[in-house]
2 protein chains.
Amino acid sequence: MSLKTTSTDRARPGDSRMRVGAKDVARLAGVSTATVSRVMNSPEQVDPDTRRRVTEAAARLRYVPHGAARSLRSHRSKMIGAVIPSFDYALYARTTSALQQRLDERGYSLVLAEHHYDLGAELRVAGQLMEHGVDALVFVGLDHDPNLFGLLDDYGRPYVLTWGVDPYRRHPSVGFDNHAATYEMTRHLLALGHTRFGLLSAPVDGNDRARARGAGMRAALAEAGLQLDESRVAYAPISLAAAQAGMERLLALPSPPTALVATNDVFAVGAMMACRQAGVRIPQDISITGVDNTDLGATQTPGLTSIRTPIIEIGVAAADQLIARLEGREHQDFQSFPIEIIHRGSTGKPAAG
Amino acid sequence: MSLKTTSTDRARPGDSRMRVGAKDVARLAGVSTATVSRVMNSPEQVDPDTRRRVTEAAARLRYVPHGAARSLRSHRSKMIGAVIPSFDYALYARTTSALQQRLDERGYSLVLAEHHYDLGAELRVAGQLMEHGVDALVFVGLDHDPNLFGLLDDYGRPYVLTWGVDPYRRHPSVGFDNHAATYEMTRHLLALGHTRFGLLSAPVDGNDRARARGAGMRAALAEAGLQLDESRVAYAPISLAAAQAGMERLLALPSPPTALVATNDVFAVGAMMACRQAGVRIPQDISITGVDNTDLGATQTPGLTSIRTPIIEIGVAAADQLIARLEGREHQDFQSFPIEIIHRGSTGKPAAG
DNA sequence: TTGTAGGCGTTATCAG
DNA sequence: CTGATAACGCCTACAA
């Protein structure tokens, strides 16, 4: 049995463990609870003098409204749910940070869940967020368990997909063109004269971003009459060590690539490490490119050529869209932000011969 | 009387906008709502056959319990709140990720807020989390607005401070010895023969970690009969650019440091960039050390000597402690994890003469 | 093992 | 502009 002070002690003076409720504020201010509620939710409807009395009483008692009761009655929780692959990954962390800041400015809180690239887990945690009564939901990517959309439909509240724009316009989404990112990058490498390409990618299953990025590269190659040799493709979960291991395999090939496209900066830096250890010079022996333009890549020697993606913009736009929808204001269901190659020292012409 | 569409109506196209409630499940399973509730919350009290019927009915109707109603009645929301400085910062993101994973395993969700190093904002968002009815709270660091603890006391629910251990044992806390981190690092640099030290630190106001790390360095120097020249100290907000600017100032001094202690890896890498641009060689001209042993530092050339801090352990321990307290199980209020120097190429003996 | 019934604290409705 | 009152959907005694 617990030795904790029990709630029966609350009768004792000075040990008032009772929660302060609207009723207490109402009594102190000499009004009804309805008026207290109005002061909290639509102050303009209340006489300034009454309002002041209530505000003071609330402050004096340190009244904190009971969110659950409010949600139950009003069907609004002032919470937004977000399900992301992992925020032990700089990108999603930054987007999520932007999202949270924007929500906070508008008086919303963020309930966050990860799924670690398991779409079944994503479905499960999305259900938990609905259980908590979030007013709207944010997801990453376009690939999801088919049941997710049924669940969302039942739930009947706004949601938005991020980091990609649904080409079929079935689901509101904000992001950028993942396909174009690697397409442009590959064009850049082709222009430098490369013909032997390698690809370091995240597993594409359930990951539309990785899939689109791989496709973008292949499209650019096809336009140049080239085809990606599948033996020069390595898949790895997003971690430096895994990327490094994948790159070691590519370097050990009889004729390794002279240009490596990594689908994100973490992979690119892992590849750089493998090159350093193997004595392969960048960019003299191999050019390496990333996507997302993170600090990790920018601070390498040489600096990593990468694609700047709208990491912050996505978070802000997602927040703005959802809040606009919740408040019945105008909004855009689909938004695609521009991207841009950032040239640094990790790319160059292939070695002659 | 309820006007809810019954389960037979739900096939009707387009009209099923009514939320499915326990009542609907009860009707379909031929039991009372009390039994539905029992199946959800204490299944072992229900006859296996009844349980199965209810479970099936719930699945069929895709019943999602209404968390707000549950919270209101049961005083448990199954949500844990965390307030962190920023998760656009790899460290806190990783700790938070570990925290979230652990909570998820135990059936809790995470409500997250940032304060961007503003203790007033921290107090405010903590109040919001309480409003949402979180069952417990996690904070970063030992420095907080004095009113925060009053608020927490009113709230009467568990909380834990992280990334430091309260020396006075006033507040449950899990972390490590920030003072020791830079103390050990400075000893290492002293042993290499350095005497002219620089410090690159976060602003110490309201940031006990930064303060303790600065103090640890000064303590080691004092033991060696040295004193840190305040002109060789630069303060910067946590960003590469700010750190770089701070380091540029130190490098421009008449006699710049031969050893730089940065209070975290981001600062150290910013300093490295400033050195590269200024043509200052690492470690021949200057040794640089970080704290936290992040990928960012590990992948630099040369690799950054840093202190491994218990980033993951803190998150797991915080989750475990709070859940144990919520469930009335045994737990440790105070936990300090070990740290360790990771030697890489960024440190060496000072140039002769 | 299961059902009945009341209320958690707030807000929406309606009347004054 | 303000007050009285009835839900919101669930859980928990208590009774059967």
Side-chain angles (χ1 to χ4, degrees), chain A residues 7 10 17-55 57-58 61-79 130-133 135 154-156, chain B residues 1-5 17-27 29-55 57-58 61-79 130-133 135 155:
Chain A
S7 57
R10 75 185 151 71
R17 275 264 143 272
M18 287 293 286
R19 247 190 71 87
V20 170
K23 219 175 291 185
D24 304 284
V25 177
R27 196 179 310 121
L28 182 57
V31 298
S32 73
T33 60
T35 297
V36 173
S37 173
R38 279 183 209 107
V39 170
M40 309 302 291
N41 300 299
S42 37
E44 71 284 357
Q45 292 182 20
V46 179
D47 181 87
D49 207 59
T50 319
R51 193 194 310 162
R52 197 185 38 70
R53 275 182 9 248
V54 171
T55 312
L61 298 178
R62 286 188 286 195
Y63 168 56
V64 176
H66 193 296
R70 163 181 293 167
S71 296
L72 181 59
R73 180 59 220 202
S74 69
H75 306 284
R76 294 176 307 106
S77 66
K78 286 286 193 175
M79 298 190 296
M130 293 173 189
E131 202 164 324
H132 291 308
D135 293 338
D154 278 9
Y155 196 56
Chain B
M1 183 189 135
S2 171
L3 291 179
K4 256 186 196 148
T5 8
R17 273 274 142 266
M18 289 298 286
R19 246 188 73 87
V20 169
K23 219 174 289 183
D24 304 282
V25 177
R27 196 180 310 122
V31 298
S32 72
T33 60
T35 297
V36 173
S37 173
R38 281 185 204 104
V39 170
M40 307 302 292
N41 300 299
S42 38
E44 70 285 356
Q45 291 182 21
V46 180
D47 179 87
D49 207 60
T50 319
R51 193 194 310 162
R52 196 185 39 69
R53 278 186 2 253
V54 171
T55 313
L61 299 178
R62 287 188 286 196
Y63 169 56
V64 177
H66 193 296
R70 163 183 291 166
S71 296
L72 181 58
R73 183 55 226 220
S74 69
H75 305 287
R76 292 174 309 104
S77 67
K78 286 284 192 178
M79 297 189 297
M130 293 173 188
E131 201 163 323
H132 290 308
D135 293 338
Y155 195 55

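Chain A is the first sequence line, chain B the second, and so forth, proteins listed ahead of strands; every chain is numbered from 1.
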Colleague: What's the closest nucleotide to the side chain of Ser37(B) if the choices are dC10(D), dT1(C), dC11(D)?
Modeller: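 Looking only at heavy atoms from C-beta outward on Ser37(B), the closest nucleotide is dC11(D).
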Colleague: Using atom NE2 of His66(B) as one end and atom C1' of dG9(C) as the other, report the distance to the nearest whole Å.
Modeller: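 Taking atom C1' of dG9(C) as the reference, NE2 of His66(B) is at 14 Å.
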Colleague: Measure CD/Glu44(A) against P/dC1(D) and give the value in whole Å, please.
Modeller: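 It is 9 Å, rounded to the nearest whole Å.
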Colleague: First locate atom CD of Glu131(A), then atom NZ of Lys78(B), and finally report the distance between them rounded to the nearest 0.5 Å.
Modeller: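 Glu131(A) atom CD to Lys78(B) atom NZ measures 10.0 Å (nearest 0.5 Å).
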Colleague: Can you tell me the distance, in whole Å, between the CG atom of Asn41(A) and the P atom of dT13(C)?
Modeller: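 The distance from CG of Asn41(A) to P of dT13(C) comes to 13 Å, rounded to the nearest Å.
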Colleague: Starting at atom NE2 of His132(B), determine the distance to atom P of dT10(C), rounded to an integer number of angstrom.
Modeller: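 That distance rounds to 15 Å.
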Colleague: Rounded to whole Å, please give me the gap between CZ in Arg76(B) and P in dC11(D).
Modeller: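 It is 9 Å, rounded to the nearest whole Å.
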Colleague: dG3(C), OP1 or OP2 - any side-chain N/O from Thr35(B) closer than 4.0 Å?
Modeller: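 Answer yes for this pair, as a side-chain N or O of Thr35(B) is under 4.0 Å from OP1 or OP2.
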Colleague: More 5' along DNA chain C: His75(B) or Arg53(B), using each one's nearest nucleotide?
Modeller: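 By nearest-heavy-atom nucleotide position, the 5'-most residue is Arg53(B).
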Colleague: With a non-hydrogen cut-off below 4.0 angstrom, is Ala34(A) in contact with a base, only sugar-phosphate, or nothing?
Modeller: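 Base contact.
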Colleague: So does Val46(B) get a backbone contact from the side chain of Arg51(B), meaning a donor-acceptor N/O pair under 3.5 Å?
Modeller: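 Confirmed, Arg51(B) side chain pairs with Val46(B) backbone.
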Colleague: When the nearest nucleotide of DNA chain C is assigned to Asp47(B) and to Ala69(B) on a heavy-atom basis, which residue is associated with the more 5' position?
Modeller: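 That would be Asp47(B).
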Colleague: What's the separation between atom NE2 in His75(B) and atom NE2 in His66(A), rounded to the nearest 0.5 Å?
Modeller: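 It comes to 6.5 Å.
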Colleague: Base, sugar-phosphate, or nothing: which does Thr50(A) touch, judged by heavy atoms less than 4.0 Å apart?
Modeller: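 Sugar-phosphate only.
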Colleague: Once rounded to the nearest 0.5 Å, what's the spacing between atom CZ of Arg76(B) and atom CG of Asn41(B)?
Modeller: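 If I round to the nearest 0.5 Å, the distance is 7.0 Å.
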Colleague: Side chain of Val31(A): nearest nucleotide among dC8(D), dT4(C), dG3(D)?
Modeller: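 Of dC8(D), dT4(C), dG3(D), dG3(D) is nearest to the side chain of Val31(A).
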Colleague: Hey, does the side-chain of Arg73(A) have a donor or acceptor N/O within less than 3.5 Å of a partner on the base of dT11(C)?
Modeller: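 When only heavy-atom distances are counted, Arg73(A) does reach the base of dT11(C) through a donor-acceptor pair under 3.5 Å.
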Colleague: To the nearest angstrom, how far is Arg27(A) atom CZ from dG9(C) atom P?
Modeller: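 After rounding, the gap between these two atoms is 13 Å.
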Colleague: Considering only heavy atoms and no angle criterion, is a donor-acceptor pair shorter than 3.5 Å present between the side chain of Arg38(B) and the base of dG3(C)?
Modeller: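 Donor-acceptor pair under 3.5 Å: yes.
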Colleague: Indicate whether OP1 or OP2 belonging to dG9(C) is found under 4.0 Å from a side-chain N or O atom of Tyr63(A).
Modeller: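 Indeed not, no polar side-chain atom of Tyr63(A) lies that close.
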Colleague: Whole Å only: how far is the CE atom of Met40(A) from the P atom of dT10(C)?
Modeller: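 To the nearest whole Å, that distance equals 9 Å.
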Colleague: Once you apply a heavy-atom cut-off of 4.0 Å, does Val36(A) come out as touching a base, just sugar-phosphate, or nothing?
Modeller: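 The residue Val36(A) makes no contact with any strand.
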Colleague: When you measure from the side chain of Ala22(A), which nucleotide among dT10(C), dT11(C), dC10(D) comes out closest?
Modeller: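 Nearest to the side-chain atoms of Ala22(A), counting from C-beta on, is dT10(C).
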Colleague: With a 4.5 Å heavy-atom cut-off, do Met130(A) and Asp154(A) have their side chains touching?
Modeller: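 Heavy-atom side-chain distance check fails, nothing below 4.5 Å.
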Colleague: Please report the distance, rounded to the nearest Å, between NZ in Lys23(A) and C1' in dT11(C).
Modeller: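 Roughly 14 Å, once rounded to whole Å.
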